[in-house]
Amino acid sequence: MFPALETELKQETCPDPYEDFMYHHLQYYGYFKAQRGSLPNSASHQHVRKNNPRYGLSGSFGEREDVIPDPLQKEKLLWPTCLSSAAHRQIEAVSRDPLMLSSPLKSRQLLHDEFGEVNPCLREPRDLFTFFPSSGPLQAPRWPIECEVIKENLHHIVPTEGSYFTSSRVGGKRGIIREPAVTLQGPEDNTLLFESRFESGNLQKAVRVDTYEYELTLRTDLYTNKHTQWFYFRVQNTRKDTTYRFTIVNLLKPKSLYTVGMKPLMYSQLDANTHNIGWRREGNEIRYYKNNTDDGQQPFYCLTWTIQFPHDQDTCFFAHFYPYTYTDLQCYLLSVANNPVQSQFCKLRTLCRSLAGNTVYLLTITNPSRTPREAAAKKAVVLSARVHPGESNGSWIMKGFLDFILSNSPDAQLLRDIFVFKVVPMLNPDGVIVGNYRCSLAGRDLNRHYKTILKESFPCIWHTRNMVKRLLEEREVLLYCDFHGHSRKNNIFLYGCKNNDRKYWLHERVFPLMLSKNVPDKFSFQSCNFKVQKCKEGTGRVVMWRMGILNSYTMESTFGGSTLGNKRDTHFTIEDLKSLGYHVCDTLLDFCDPDRTKFMQCLAELKELLKQEIHKKFNELGQDMDLEGNWSDISLSDIESSTSGSDSSLSDGLPVHLLSMADEVNQKKKIYKKKKKKPLQTRKQRNEQYQKNNLMRELKLIEDTPERAGFASTLQKQPTFFRNSENASSSMMRNEKPRLNKSQLRGRDKGTSLDPSKMTSLILTKNREGMQTQKPRFTVSCCPKRSTNSSQEPAPDMKPLWSRNRYPATKRGRATMMVYPSLHIYTYP
């Protein structure tokens, strides 16, 4: 197909000077261990090791065999079982293609387009980290080295110990995994076997208190002593038609949706294999109550329920909500990366690595633009999820959004034409892997640290904020939304930030109102809140809002169900949550419709709703108010309730080993700010600085002259100076014009001479009064030796505005005399 390229591949080549240099360079530093003859030439055919993919980056071929790979890539790789048969056939076809396996190591690579033809073009730059090698394996999740992990890969169908984190490794703790504390004595033994040492699992211990009753204790978030809410564990050796009771005894929240009808989730392995039944709500006699033990510590709450297993000898799972693991995300992203159509407009990159070394993925989704001007005109939308690892409902909404925006729907294509989507689908992969509910491996809630300067301790949050900051420099960010879960309210709702700009008054409420109209049976606008509290200043919603994103939201989706419309009194399913991702896209189109009819209708409706809320509030207070006046000036904070009912935990500070780091960084920033001089930007500032420097030099020369003793006599010999002093001082002080009183003016008109000492005191007093009205610039004080009025002390920190000319011109018709600046003002550096 390409004769020129085939000739180039066949011809013999001479040694490349660059590779000869690199050979000696790598050998000198100890990276190259092989003989000289094993060094491949860049123009010759390259050998690709199909059986050892960890040495190559995604999409790159012909790597040197003898260069030591990235230490992170030495770890064991997980071969996914989630790939479809079509994906396996595609991978095998690529591996058999001789052109792909023998392409020269040059910038010109032979790439397949979507029609299967081979086209020479420039390959995209390699990413800093690898994600998915071309042969298909995924990097296995990295665990803290204190965690024991069973060697099993769990896959659920979806029907249509230390004080702080130190290091991690694939597979967690080294050595032999401990067996369960209980071993079965025979086939008649009906003891249940519990296990949670798998991805996202959380159960610390299970105690059998009766034949069919068990007390369960959840593990707190790693490196903390709090946050017990998420549970996910396995039960084996079940008995059919037997009523078991499970009681979780160490929950921390005083309120829960379990008190209003929510049920736990159960998954039966036999039902999944035989009847294609996945997760379902099960449980009876559900109660949520306070533990009676009172030892002065934080009170615990108990959740208890009864269950009957559907089969004998079944393997069942229980969970707080539908699990969505880090491996689930990797399998989904791998399918997107291997899709020849979706990969054209969805670019997968590494945002950063987490504390444990797991990859935090960043997706950029947009259609290619025809011109640079068209590309620059696109606005951006930023979406993220799973900053709280136990809120898996955020991942299901994110999956619904990605399914739609990556589809070939006309609406999806239109959105990709007009927007650039930046998506971080899992902000806290470490917490998701170990089964935390709220925190990362730093032992802190990441959604309270978006203002952090500790890049190494909170890398996911720091890089996300930095990415948005760079994005704001390039283009307008229309919307930011972070997907969360809520354990004490039903329905789905948004938290936003009220806008203080009267030009955009109530505009931040338009998108939530539109969403409530598009999803009336799931989304509740009445539950939305736009109050910005001090305790929420470190959240992503508030920080992005303060960075300049007007429509900045936290989307809260319940762990329970809906109380609205056709979905009333039902639990949310996975499909319900995924459908909300679609409706976010649909509402975004309404929000940006060039026809502003819908927008203005919603704005008018918001004003009417607000009017009613104000009227209701004043009625509750027993006050009357005329709402026909300027009622829009009323503070919205006065009529909105607090968001303290949300799933929020105040930031409890940093670990001890991080506090010293934060103090050190803050101290360095203070020193840097002190040393850094503010740049002069205007000509006026440059002139003032120049005049100040010249005046200071002259003042220093005058102070050093020996004629200071005869200064008073000089004044007496030159009374004309005082006639022009008004002009001089008015030129020296720009805005202040000291005046003489009427008696002095009459004496001046008669030609009588004034007392120089009194005149000097008058000028100094007037100038000092003028200095007090000026904007502070430089520290000045009046010289006490030159003033005859000793009762007036120089005002501290008074900084005058300096005149453009050090020697101002006198009025016409009067004698011109030399002006002595030292008479009026002394400036001490």
Side-chain angles (χ1 to χ4, degrees), residues 156 158-159 199-202 227 229-232 253 256-258 260-267 278-281 317-326 328-329 332 383-404 423-429 431-433 435-438 445-447 481-495 512 515 519 521-524 527-528 539-541 553-564 567 570-585 645-648:
H156 299 303
V158 181
E199 191 174 354
S200 295
N202 188 320
H227 307 304
Q229 181 74 28
W230 169 261
F231 59 86
Y232 177 30
K253 291 190 176 183
S256 174
L257 288 173
Y258 287 111
V260 291
M262 191 173 89
K263 293 184 177 183
L265 281 160
M266 190 191 78
Y267 182 96
W279 288 97
R280 59 185 187 263
R281 299 282 180 173
F317 295 85
F318 289 91
H320 181 56
F321 202 71
Y322 303 100
Y324 190 94
T325 65
Y326 182 62
D328 292 335
L329 174 67
Y332 182 81
L383 302 175
S384 61
R386 294 303 284 277
V387 68
H388 292 151
E391 298 171 0
S392 58
N393 27 14
S395 284
W396 292 111
I397 297 177
M398 179 65 76
K399 187 176 187 303
F401 166 80
L402 291 175
D403 285 344
F404 178 76
V423 181
V424 186
M426 192 170 286
L427 275 167
N428 190 356
V432 173
I433 289 170
N436 279 2
Y437 172 59
R438 191 135 191 120
D445 182 352
L446 293 183
N447 201 35
C481 190
D482 191 20
F483 298 146
H484 285 250
H486 206 288
S487 67
R488 285 177 281 187
K489 287 185 180 180
N490 279 311
N491 305 313
I492 301 171
F493 49 93
L494 287 172
Y495 288 144
L515 188 56
V519 203
D521 58 347
K522 302 183 185 73
F523 190 90
S524 170
S527 299
C528 295
T539 61
R541 162 178 62 100
Y553 305 107
T554 296
M555 178 174 287
E556 299 280 357
S557 56
T558 181
F559 289 109
S562 173
T563 61
L564 307 169
K567 300 290 295 183
T570 61
H571 285 90
F572 279 153
T573 64
I574 289 177
E575 292 303 318
D576 289 331
L577 297 175
K578 290 170 66 176
S579 69
L580 192 76
Y582 155 73
H583 286 295
V584 168
C585 297
S646 66
D647 280 345
S648 61

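Side chains are part of it too, since the values below use all heavy atoms of this structure and drop only hydrogens, waters and symmetry mates.
- A donor-acceptor pair is defined here as one N or O able to donate and one able to accept, closer than 3.5 Å; no such pair exists between the side chain of W230 and the backbone of S392.
- Side chain of D403 to backbone of G400: no donor-acceptor contact under 3.5 angstrom is found.
- T558 meets the side-chain hydrogen bond (donor to acceptor under 3.5 Å, both in side chains) test with no other residue; sequence neighbours excluded.
- To the nearest 0.5 Å, the span separating CG on N490 from NZ on K567 amounts to 12.5 Å.
- A donor-acceptor contact closer than 3.5 angstrom is absent between the side chains of D482 and T554.
- The shortest distance between side-chain heavy atoms of F572 and S557 does not fall below 4.5 Å.
- With H388 as the partner, the side-chain hydrogen bond (donor to acceptor under 3.5 Å, both in side chains) test is satisfied by one option alone out of N436, N428, N447, D445: D445.
- Rounding to the nearest 0.5 Å gives a distance of 12.0 Å between CD1 of I397 and CG of L402.
- Partners of H320 by ring pair (Phe, Tyr, Trp, His ring centres under 6.0 Å), not counting sequence neighbours, listed by chain and number: F231, Y258, F559.
- Between Y495 and H486, the angle of the ring planes goes over 60°, which puts this pair in the perpendicular group of the 30/60° scheme.
- Annotation: side chain of S487 is in contact with side chain of Y437 (closest heavy-atom distance under 4.5 Å).
- No side-chain heavy atom of C481 sits less than 4.5 Å from a side-chain heavy atom of V584.
- One finds the CD atom of E556 at 8.5 Å from the NZ atom of K489 (value rounded to the nearest 0.5 Å).
- Side-chain atoms of W279 never come within 3.5 Å of backbone atoms of I574 as a donor-acceptor pair (strictly under, hydrogens ignored).
- With no hydrogens or angles considered, no side-chain donor-acceptor pair links D576 and S579 at under 3.5 Å.
- By the 30° and 60° cut-offs, the orientation of the rings of F317 relative to Y232 is tilted.
- Looking at heavy atoms from C-beta onward, S395 lies out of side-chain contact with L329 at the 4.5 angstrom threshold.
- The salt bridge (charged side-chain N to carboxylate O under 4.0 Å, His left out) test applied to R281 returns no partner, not counting sequence neighbours.
- Using a 4.5 Å heavy-atom cutoff, the side chains of L580 and F483 are not in contact.
- Note that OH of Y324 and CE of M398 are 10.0 Å apart. Values are rounded to the nearest 0.5 Å.
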